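What follows is a single structure, written as structure tokens, with notes after it.
Chain letters run A, B, ... following the sequence lines, proteins first, then strands; residues in each count from 1. All values derive from a computational prediction rather than experimental measurement.
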2 protein chains.
Amino acid sequence: MITSPLLTIDNVLFTVHDGILKVLMVKRSIEPYSGLWSLPGGIVDPATDTSTEDTALRKLREKAGVKPNYLEQLEVFSGHDRDPRGFTVTIVYYALIGYQQAEVHIHTVDDAEWVSLPQIAQLNLAFDHKKIINVALERLRQKTLYSMVPVFCLPSLFTISDLKQVIETIIEKPIQRKSLMRRVEASGMFEEVDEKAATGKRMAQLYKLKDNFNIVNFERNLSF
Amino acid sequence: MITSPLLTIDNVLFTVHDGILKVLMVKRSIEPYSGLWSLPGGIVDPATDTSTEDTALRKLREKAGVKPNYLEQLEVFSGHDRDPRGFTVTIVYYALIGYQQAEVHIHTVDDAEWVSLPQIAQLNLAFDHKKIINVALERLRQKTLYSMVPVFCLPSLFTISDLKQVIETIIEKPIQRKSLMRRVEASGMFEEVDEKAATGKRMAQLYKLKDNFNIVNFERNLSF
DNA sequence: CCAATAGTGTCTTTTAGACAGTATCAC
DNA sequence: GTGATACTGTCTAAAAGACACTATTGG
């Protein structure tokens, strides 16, 4: 008779704030790795969850009171060496949210915090979470090259400059404003709203996601 | 106390033979869905498997005696409605193999068979395996547009025409031979061997994967 | 008017598509 | 030589990069 291994999920929730890419981390309060920072995740509960995606959303709600704008399966990590308790299987999701949207909730929970990538590099994280974050980051960067997913790191109204900054923060490269505008147009995902933002000198056009948008994948990557 | 749900893996093993894309199916001998065709998979066994990828490879070996040239995680399927026994979680892998390479083994196992996609559409498959196959197919098609993965459906020596046919079979569209040759060259994954194949009239150059190849992803998709 | 940010026009670059033209083989 | 398949040369097309140019704002 085979006993099922411990099945957990973990979330890599990204946001961008002031040109810095951050990941939501929570402090572990139980063994193993008690006291260390870790990804917000937990055990899949067949009694309450209708799917593992449901588990992922529930954990983000419970641990930080947030609901992401975007959530997608990254991949499964498994093995004997990733948890001192033995063989474990973790389904990892990566997710995006606007900083303003989440900030309120994060601040009321003192064991949840936005951590920048340089900070993460220096921390000692629980389990193989550092590796998981790197895989998620790689995927987010790739996806940023051929889609508009970074928009999910922004509030519901945003300018082209906002979007440009978020993209540049994620891929750590400058992009051409012109290229971005062409893609915004071509994607058909967005509509201009009757409002302008006074961020810079000249007022900037505000955009929002259309009510029934489909995420478009472009046929070629941005390059440099 | 939370009991872990039943954790299984399934494989969608593709090959191309004579211009037909096929999936390896096995006949179920136990309930539920006994007697129906299903994907070759099974339960993850922490006692023997070092990872879920290991489970996937083991199941392909046990059920059909084959070792794929390419194996990659597709995604996790979960829910209460996919198995009459209740909440289940299935990690799905998709894989590629050359027809010649696998044929011998498949023929010795009478409950394993290559099934074409039109045939699959007409069959009544176990669980949600029809849906899983469609998701895997979609992924394979996407990947074919920006990489050379279809080469893993071929024997170790192959011609450009072989590769072209496999690609066209997968995406169900004709491509330009010229575009393919440019990509074969640009990828740096292949080397010409000192041998020619007498498939058509003029002898065709044979290629093989370099000993230390890296799978290259192109910056733009093939289009039509 | 000036400085700064928003946004446009347009030329270049890259890489795929199209397709004609050449090469090599069996017969 | 003929016909069929293999391969190359080269023009066009689509979309991104580069970058100069215009527009709009606050002061």
Side-chain angles (χ1 to χ4, degrees), chain A residues 18-19 141-148 150 154 157-168 171-207 216-224, chain B residues 18-19 141-148 150 154 157-168 171-207 216-224:
Chain A
D18 279 350
R141 283 185 174 148
Q142 264 314 111
K143 200 131 191 162
T144 298
L145 296 180
Y146 63 82
S147 83
M148 288 293 178
L154 290 171
L157 295 183
F158 57 90
T159 67
I160 299 289
S161 294
D162 294 337
L163 184 52
K164 178 165 180 282
Q165 200 203 10
V166 167
I167 292 172
E168 291 178 335
I171 64 179
E172 294 182 326
K173 300 254 164 75
I175 62 165
Q176 295 282 330
R177 179 189 192 82
K178 181 77 186 185
S179 300
L180 179 56
M181 295 206 69
R182 281 191 283 230
R183 285 188 160 201
V184 165
E185 169 92 71
S187 71
M189 291 172 62
F190 310 104
E191 64 188 49
E192 305 184 353
V193 298
D194 274 345
E195 218 178 320
K196 305 250 179 179
T199 48
K201 287 288 183 168
R202 173 173 170 181
M203 306 271 271
Q205 178 63 52
L206 283 169
Y207 290 81
V216 170
N217 291 327
F218 298 99
E219 303 241 306
R220 44 198 290 196
N221 285 359
L222 295 173
S223 51
F224 313 97
Chain B
D18 279 349
R141 283 185 174 148
Q142 264 316 109
K143 199 131 194 162
T144 298
L145 296 180
Y146 63 82
S147 83
M148 287 293 178
L154 289 171
L157 295 183
F158 58 90
T159 67
I160 299 288
S161 294
D162 293 338
L163 185 52
K164 179 166 181 280
Q165 200 203 11
V166 168
I167 292 172
E168 291 178 335
I171 63 179
E172 293 183 326
K173 299 255 167 69
I175 63 166
Q176 295 281 330
R177 178 190 192 82
K178 181 77 188 188
S179 301
L180 179 57
M181 295 207 69
R182 282 191 284 231
R183 286 189 159 198
V184 164
E185 168 92 73
S187 71
M189 291 171 63
F190 310 103
E191 63 187 50
E192 306 184 353
V193 299
D194 274 343
E195 218 177 319
K196 306 249 178 179
T199 48
K201 288 289 182 167
R202 173 174 169 181
M203 305 270 271
Q205 179 63 52
L206 282 169
Y207 291 81
V216 170
N217 291 327
F218 298 98
E219 302 242 305
R220 40 199 295 197
N221 285 357
L222 296 172
S223 50
F224 314 98

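Of the residues near DNA chain C, B/Glu219 and B/Gln176, the one whose nearest nucleotide (by heavy atom distance) lies more toward the 5' end is B/Glu219.
Taking atom CE of A/Met203 as the reference point, atom P of C/dA6 lies 12 Å away to the nearest angstrom. Across the protein-nucleic acid pair, B/Leu206 atom CG and C/dC25 atom P stand 13 Å apart, rounded to whole Å. Atom pair A/Lys173:NZ and D/dA18:P shows a separation of 12 Å (rounding to whole Å applied). Atoms CG (A/Leu222) and P (D/dA15) sit 14 Å apart, rounded to a whole Å. One atom, CG of A/Leu163, and another, P of C/dA6, lie 13 Å apart when rounded to the nearest Å. Rounded to whole angstrom, the span from the NZ atom of A/Lys164 across to the C1' atom of C/dG7 amounts to 12 Å. What separates CZ of A/Phe218 from C1' of C/dA16 is a distance of 19 Å, to the nearest Å. Across the protein-nucleic acid pair, B/Arg202 atom CZ and C/dT24 atom C1' stand 5 Å apart, rounded to whole Å.
Across all their heavy atoms, A/Val216 and A/Ser187 have their closest contact at CG2-O, 3.3 Å. Residues B/Pro150 and B/Ser147 approach most closely at CD-O, 4.0 Å, considering heavy atoms.
For A/Gln165, the side-chain hydrogen bond (donor to acceptor under 3.5 Å, both in side chains) test picks out no residue, with sequence neighbours left out. B/Asn221 meets the side-chain hydrogen bond (donor to acceptor under 3.5 Å, both in side chains) test with no other residue; sequence neighbours excluded. Every residue meeting the side-chain hydrogen bond (donor to acceptor under 3.5 Å, both in side chains) condition with B/Thr159, not counting sequence neighbours, appears here in chain and number order: B/Asp162.
Closest to the side chain of A/Arg183, from the set D/dA16, C/dA16, D/dC7, is D/dA16. Side chain of B/Ser223, nearest nucleotide from C/dG7, D/dG17, C/dG17: C/dG17. The side chain of B/Lys201 has D/dA4 as its nearest neighbour among C/dA4, D/dA4, C/dA18.
Using a 4.0 Å heavy-atom cutoff across all strands shown, B/Ile175 reaches no nucleic acid atom at all. In this structure, A/Thr159 reaches neither bases nor backbone, as no heavy-atom distance under 4.0 Å exists between it and the strands shown.
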Contact pattern, 5' to 3', of nucleotides 8-13 of chain D - B, S or - by protein heavy atom under 4.0 Å: SBB---
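One end of the helix from C/dC1-D/dG27 to C/dC27-D/dG1 points its axis 10° away from the other end's axis, with each axis taken from 5 pairs and the angle rounded to 10°.
No side-chain donor-acceptor contact under 3.5 Å links B/Gln205 to the backbone of B/Asp194.
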Hey, can you pull the donor-acceptor pairs under 3.5 Å for the side chains in residues 175-185 of chain A, sequence neighbours left out?
residue	atom	partner	partner atom	Å
A/Arg177	NH1	A/Ser161	OG	3.1
A/Arg183	NH1	A/Leu145	O	2.9
A/Arg183	NH2	A/Arg220	O	2.5

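You'll find the side chain of B/Lys173 stays beyond 4.5 Å of the side chain of B/Glu168, heavy atoms only. In this structure the side chain of A/Phe224 never reaches within 4.5 angstrom of the side chain of A/Pro174, judged on heavy atoms.
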